[in-house]
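Working notes, structure below.
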There are 2 protein chains.
Amino acid sequence: MPASKKSSLVNSQKKLGIIAGGGELPYRLVNACRENGQPYFIVAFEGQTDPTILPGSDYMITRLGAAGRILNTLKAHGIEDLVIIGSIRRPSLPELRPDMRTFRFFTKLGLRAMGDDSLLSALRRELEDEGFVIRGIQDYVPDLLAMEGDYSRVRPKKGDWQDIDRGIEVSQALGGLDVGQSVIVQEGLVLGVEAAEGTDALISRCGGYKRKGRGGVLVKTCKPQQDQDLDLPTVGIRTLRMCQKAGLNGLVIHANRSILINPQEVAEYANRNKMFVVGVDIDNYKPKS
Amino acid sequence: MPASKKSSLVNSQKKLGIIAGGGELPYRLVNACRENGQPYFIVAFEGQTDPTILPGSDYMITRLGAAGRILNTLKAHGIEDLVIIGSIRRPSLPELRPDMRTFRFFTKLGLRAMGDDSLLSALRRELEDEGFVIRGIQDYVPDLLAMEGDYSRVRPKKGDWQDIDRGIEVSQALGGLDVGQSVIVQEGLVLGVEAAEGTDALISRCGGYKRKGRGGVLVKTCKPQQDQDLDLPTVGIRTLRMCQKAGLNGLVIHANRSILINPQEVAEYANRNKMFVVGVDIDNYKPKS
């Protein structure tokens, strides 16, 4: 792997606001801030954020619908830069209990719900209107970004590249429609396509549609219009384990536009299970088959 | 519903070859032939074709891989026109036991498997090279074709049309990529997209991703490049029952380019359950929302 470029933003003495959802990524960001002496403040959500990231940090715990309180607290701490990171389970309405600020946001959006991208870009605009600057986690933890090339010793064979070509074509077309990021292809046939169910559910159901024999690939790419700071595609060891269980040959991720958590662990797992993991520069891709 | 146009092909004295898969459609075709005095010969497949359509008909029962025997029998009966209709479960290799003719067909196709459309168009070319003329079931049973307009008393409301517009956009884009025909949309969000799993599996899994409250629509359209004779999208009462169970508001089908089985029964079921069923002229469609 290439030496990671340290971003110029790291070690900024401006306090960073971390709006932290669930999963491992907020933890990685908090750790990077600590190691680099970057001051930060965590906004944690009840029932969503892993509370073990909080001890030793400045933080508030709140509910998702408390936009007014969150914005006021961030401003009171003099925060300008914000990273919004981690997964958010869709809350029930009582869990959300929107305050006036949150309510106005959703009213402005219109009652018509939208794809994830539209919601996120509306959120971004709203925060920028309040004077905040939205940053990506990769600005603070640059080695999270997937690189181009082979992570595994196993490399895709000719038949795999046919599946990869088809997967890239379909996942980018789907992404352009703001439907989903991931596609599973076996022997040229699209077994499944991700929409609201998420990548994990896609992989498990496609195991059942797979034809006999080893084969098939998961291709997960960043949507062309996807916000690079708010919502990069994320892959980790769990994704690869599920691919193994579904009998897939390997995994293709979007180099420079997706996050690979714990690449070392992913590479070792792939080698042990004779699978490939490849970062592909989708934006400059020419079909290989 | 408009009076059905009887096709000029019906009552042809040329014997029609019916290559019959499973499900109800072969039965409908056989019935129409009987009623219209159209001579016919059935090719039925072991474990696939419903045997109750055979008594009183001329037929052969064979396995899927017996292409040579099938072609020779059809020619021996002086058959030129062929309708290939009904569903075929993907056979296991021992079930297929390809003869030389079948084997040569798949060898010519290349070892690389393809989307359904490519396979079907290869099959069509192969049969046409042998001198056969491929016809659609709608040429013999024209009232199977879905018409434009409302089948149900309930009509889509404004919010439904937003989902329908999005569903048409996504299903036609997916179809253009030869991925699948069907899409489920709720409040603008694409809940799921069909690939290898088929429409029934799509509907059942999307029930689980649906947000609370009644809403959502299934849009099933014909792929732009889909063979009009070999493989029209097909919808029947079972599809609508599944939509009801998944809590959807209704169902949109592709007018003039899909098959609706038993429209009367479908309309009654929709009325009883306050759902809409609409045939939309997708090829000349302008978004309504």
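First the proteins, then the strands, lettered A, B, ... as listed; each starts at 1.
A:L191 and B:A195 make their closest contact through O-CB, 3.5 Å (heavy atoms, listed as atom of the first residue, atom of the second, distance).
Neither the backbone nor the side chain of B:I184 comes within less than 4.5 Å of any heavy atom of chain A. Only the side chain of A:L174 comes within contact range of chain B, with heavy atoms under 4.5 Å apart.
Rounded to the nearest 0.5 Å, atoms CD (A:E197) and CG (B:L202) are 9.0 Å apart.
The number of heavy-atom neighbours closer than 6.0 Å to NZ of B:K288, taken from other residues, nucleotides and ligands shown, is above 12.
Counting only heavy atoms from C-beta outward, the side chains of B:V179 and A:R166 approach each other to under 4.5 Å.
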